[in-house]
Undergrad: 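Right, I'll just put the structure down here and ask away after.
In this chain, numbering begins with 1 at the start of the sequence shown. Below, all heavy atoms of this structure are taken into account, side chains as well, without hydrogens, waters or symmetry copies. Bear in mind the structure is a predicted one, so any value in this text is a computation, not a measurement.
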Amino acid sequence: MPICISCKGKTFIRDDITNNLACSTCGRLQEYDNLVDQYGGINGPTGTFVSVGTTGTGNVYSYKETKIYEARKLIDDVSLRLGFSPSESDDVKRMVATITEGEYGQGNWFNVFVGACSYVGMRRDNKSLPISEVASVIGSDAYELGRMIMRVVNFLDLKKPNFPEFDIVNLFERTLRNSHSFADVEGDKVQRMKKQGIFLIHCAMKWFLTTGRRPLPIVAAVLVLVAELNGISVRIEELAKEIHAVVHTSRLRYRELLQALVKVAQALPWGKDITVKNVVKNAPFVIQYMERKAMSKPSKKKDSEGDVGLNLGDVVRDCLRKDIGDGTDMMSFEDDSETEMEKLKLAHQSRYFEVEDGGCALSVDNVDKLKLSHECLSMMYSKFLDEVGNVKSSGGLKEVRERKKRRGFELHACTEWWNGKSALSRRLLLKEILEKDVGLDVVPPSFVNGCVTVKKRREKINAAKLRIDKIMHPLNAHSGDSIDTRTTEDVQCTKKRKRARGIDWEDLIIETLLLHRVKEEEIEKGWYNVLLELHVFNSGIV
């Protein structure tokens, strides 16, 4: 006899609506009372709680209908959180229905599958959507999502041009438009930042800073630099977390971008004074030089500085063409103030870019009439630096002599340096970007690192050969001679006191491979596991 699960009573009545037993004492419905097992084969009657897909009184939906309803509800939720339009959300639904043949699904795998279809749909329409953003929305791992994306791409057989490459410029525009850090920025300034960012993104692509790397960190680095140039305070840590980029990698890309700008700035007369610490203050001059360089037409004859049809005097003249007056009326100067020193340099630069010809001084506006060489510019700038140093050593300019001008020369407030007419400020193909000259041609960082690694392995191979020769032919080594078998890396680490002199596991593997007569060219490639498997374990030599 059944017992009430609430009051342990034994008297029940049948409920007319649910057809379940109800306790006559407390009125509690007894669950699963009318459960009927399936019998009579596949076409036999079924129990009430076996075929109904969802709970609730009077529910007539089947299991499949409920599954499809929940799946579409999940797709709408993911599309809403990703900011999709109704048409984009419908595309994701059609893709899911096509791949699953209308069966949809449920569970954690289906969440990952919906995220993969969302990414592929946006990528197919040439709309950049970061994988890390999709992974954060669906609560999945980026690597698991990437594997699902590859399965979706292979199933749909998506190839170029139906599945274009990832557009980092589109990602930059989308991040600038949707970021909360730039929500209060004026529309005109946003458009200027957009063109400046596209210009720097194209330069980073030409300098191979984006090759084989995740796009979000370089986008974060460019956004921070552009914000600083336009007087907007943005921390790279906050921006990286907002766009789901790795903070450490974003800092590294930002430093690499500054280092590239420092290399470009070496072509300027004061380039030797520009470092990573002060390159942001000089970035307007450097970027305008790069823009002029990109807009210039290549010429057959190149001077010693490597200019391609570009007059550096024009760049300097336009950068410094601003009515800033004399520095003695603008600011006070303290001996221990590096900021005031930088302001003083900027204030006096325009006065020193004047050329005397026959006792008649030509102003900066008349430089077009002369052929101004790089040596002349360097000499005038050196003269300017010497005089500024003398003023600092003599203790002058400690106080304002007359009055401060209402308009000071603030670097971030000066927007005349940006022209925005270069082709690099618009969308270009990779081939067109590589053909542009921005004042710096470099090889990919991965290639440089590979060359350095091969050089280190070559040193290890030579050191291992010396050790093997010393053991196999001890008579050839003189008693008074001592062979230093350390590599450059060992010497540097010893100087830094990171490790003592000796050999490591890589040296032992190289010695083993050399004893098994493996070619040195193969050892330099660094495929130690493959070489050990081929030449050591399968060679028959113990």
Undergrad: Does the distance from a Lys or Arg side-chain N to an Asp or Glu carboxylate O, for Asp141 and Arg147, drop under 4.0 Å?
TA: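 The answer is no: the pair does not qualify as a salt bridge.
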Undergrad: Please identify which of these residues, Glu432, His202, Glu173, meets the side-chain hydrogen bond (donor to acceptor under 3.5 Å, both in side chains) condition with Arg427.
TA: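 So, applying the side-chain hydrogen bond (donor to acceptor under 3.5 Å, both in side chains) to Arg427 and each of Glu432, His202, Glu173, only Glu173 qualifies.
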Undergrad: Keeping Asn154 on the side-chain end and Arg151 on the backbone end, is there a donor-acceptor pair under 3.5 Å?
TA: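 No: the side chain of Asn154 does not pair with the backbone of Arg151.
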Undergrad: Work out which heavy atom in Val224 is nearest to a heavy atom in Val234; give both atom names and the distance.
TA: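 Smallest interatomic distance, heavy atoms only, reads CG1-O, 4.1 Å.
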Undergrad: Please report the closest heavy-atom contact between Ile243 and Ala220, naming both atoms and the distance.
TA: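 Residues Ile243 and Ala220, closest heavy atoms: CD1-CB, 3.7 Å.
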Undergrad: So, Lys206 side chain and Lys436 main chain: donor-acceptor pair closer than 3.5 Å or not?
TA: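 Yes: the side chain of Lys206 pairs with the backbone of Lys436.
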Undergrad: Side-chain donor-acceptor pair under 3.5 Å between Glu238 and Ser181, yes or no?
TA: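 Per modelled atom types, Glu238 and Ser181 side chains form no pair under 3.5 Å.
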Undergrad: Do we see a donor-acceptor contact under 3.5 Å between the side chains of Thr275 and Asn278?
TA: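 The answer is yes; a qualifying pair exists.
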Undergrad: Give a yes or no on whether Arg214 atom CZ has more than 12 heavy-atom contacts from other residues, nucleotides or ligands under 6.0 Å away.
TA: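 Not buried by this count: 12 neighbours or fewer within 6.0 Å.
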Undergrad: Taking all atoms of both residues into account, what is the closest heavy-atom pair of Met193 and Asn230, and its distance?
TA: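 Shortest heavy-atom contact: CG-ND2, 3.5 Å.
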Undergrad: Taking Pro130's backbone N and O only, do any of them form a donor-acceptor pair with Glu133's side chain (distance below 3.5 Å, no angle check)?
TA: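 Such a contact is absent between Glu133 side chain and Pro130 backbone.
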Undergrad: Kindly confirm or rule out a cation-pi arrangement of Arg123 over Phe166, judged by NZ or CZ under 6.0 Å from the six-membered ring centre and within 45° of its axis?
TA: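 No, Arg123 and Phe166 do not form such a contact.
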Undergrad: Looking only at side chains, do Ser179 and Glu242 share a donor and an acceptor under 3.5 Å apart?
TA: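 Side-chain D/A pair, Ser179 to Glu242: present.
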Undergrad: Is Asn449 atom CG crowded by more than 12 heavy atoms from other residues, nucleotides or ligands, each under 6.0 Å away?
TA: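 Atom CG in Asn449 is crowded, with more than 12 foreign heavy atoms closer than 6.0 Å.
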Undergrad: Within the supplied structure, the quantity of interest is the number of heavy atoms (other residues, nucleotides, ligands) at a distance under 6.0 Å from Trp109 CH2; does it exceed 12?
TA: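 Result for CH2/Trp109: enclosed.
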Undergrad: Given side chains that start at C-beta, do those of Phe113 and Ile99 come closer than 4.5 Å, heavy atoms only?
TA: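 Yes - at least one pair of side-chain heavy atoms lies under 4.5 Å apart.
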Undergrad: Taking atom NZ of Lys67 as the centre, does the number of heavy atoms from other residues, nucleotides or ligands within less than 6.0 Å exceed 12?
TA: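 Counting neighbours around NZ of Lys67, more than 12 heavy atoms of other residues, nucleotides or ligands fall under 6.0 Å, so yes.
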Undergrad: Is there side-chain contact between Ile503 and Arg467, with at least one heavy-atom pair below 4.5 Å?
TA: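 When only atoms from C-beta onward are counted, Arg467 and Ile503 do touch, with a gap below 4.5 Å.
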Undergrad: Is there a side-chain contact between Pro284 and Leu229 in this structure, where contact means two heavy atoms from C-beta onward sitting under 4.5 Å apart?
TA: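 They are in contact (side-chain heavy atoms under 4.5 Å apart), so the answer is yes.
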Undergrad: Can you confirm whether Arg72 is buried at CZ, in the sense that more than 12 heavy atoms of other residues, nucleotides or ligands lie under 6.0 Å from that atom?
TA: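 Incorrect, the count does not exceed 12.
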Undergrad: Is there a side-chain contact between Glu291 and Leu424, using heavy atoms and a 4.5 Å cut-off?
TA: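 A side-chain contact is absent here, since even the closest heavy-atom pair is not under 4.5 Å.
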Undergrad: Supply the atom-to-atom distance Ser250 OG to Leu216 CG, rounded to the nearest 0.5 angstrom.
TA: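 Answer for the OG-CG pair, Ser250 versus Leu216, is 8.0 Å.
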Undergrad: Ser132 side chain to His244 main-chain N or O, any donor-acceptor pair under 3.5 Å?
TA: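 Yes, the answer is positive, given that a donor and an acceptor are paired below the 3.5 Å cut-off.
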Undergrad: Work out which heavy atom in Ile274 is nearest to a heavy atom in Val262; give both atom names and the distance.
TA: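 Shortest heavy-atom separation between Ile274 and Val262 comes out as O-CG1, 3.7 Å.
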Undergrad: Side chains of Glu506 and Tyr528: any donor to acceptor distance under 3.5 Å?
TA: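 Side chains of Tyr528 and Glu506: pair found under 3.5 Å.
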Undergrad: Tell me if a side-chain donor or acceptor on Arg253 pairs with a main-chain N or O of Ala221 at a distance below 3.5 Å.
TA: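 Checking the backbone N and O of Ala221 against the side chain of Arg253, no donor-acceptor pair under 3.5 Å is found.
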Undergrad: With respect to Glu524, which candidate in Arg458, Lys519, Lys455, Lys460 satisfies the salt bridge (Lys or Arg N to Asp or Glu O under 4.0 Å) definition?
TA: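 Answer to the salt bridge (Lys or Arg N to Asp or Glu O under 4.0 Å) test with Glu524 among Arg458, Lys519, Lys455, Lys460: Arg458.
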Undergrad: Are any of the side-chain nitrogens in Lys127 or Asp167 under 4.0 Å away from the carboxylate oxygens of its partner?
TA: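 Judged by the 4.0 Å cut-off on N to carboxylate O distance, Lys127 and Asp167 do not form a salt bridge.
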Undergrad: Considering only heavy atoms from C-beta outward, does the side chain of Phe182 approach that of Leu223 to under 4.5 Å?
TA: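 Side chain of Phe182 against side chain of Leu223, heavy atoms only: contact under 4.5 Å found.
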Undergrad: Does atom OH (Tyr69) have a neighbourhood of more than 12 heavy atoms from anything else shown, all under 6.0 Å?
TA: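 Counting other residues, nucleotides and ligands, OH of Tyr69 stays at 12 neighbours or fewer.
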Undergrad: Kindly give the heavy-atom pair with the smallest separation between Gly115 and Val134, and that separation in Å.
TA: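 Answer, listing the atom of Gly115 first, then Val134: O-CG1, 3.5 Å.
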Undergrad: Shortest non-hydrogen contact from Pro445 to Trp207?
TA: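 Heavy atoms only, the tightest pair is CD-O, 4.2 Å.
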Undergrad: Please check if atom CG in Asp77 has more than 12 non-hydrogen atoms from other residues, nucleotides or ligands closer than 6.0 Å.
TA: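 Yes - once you tally the heavy atoms of other residues, nucleotides and ligands closer than 6.0 Å, there are more than 12.
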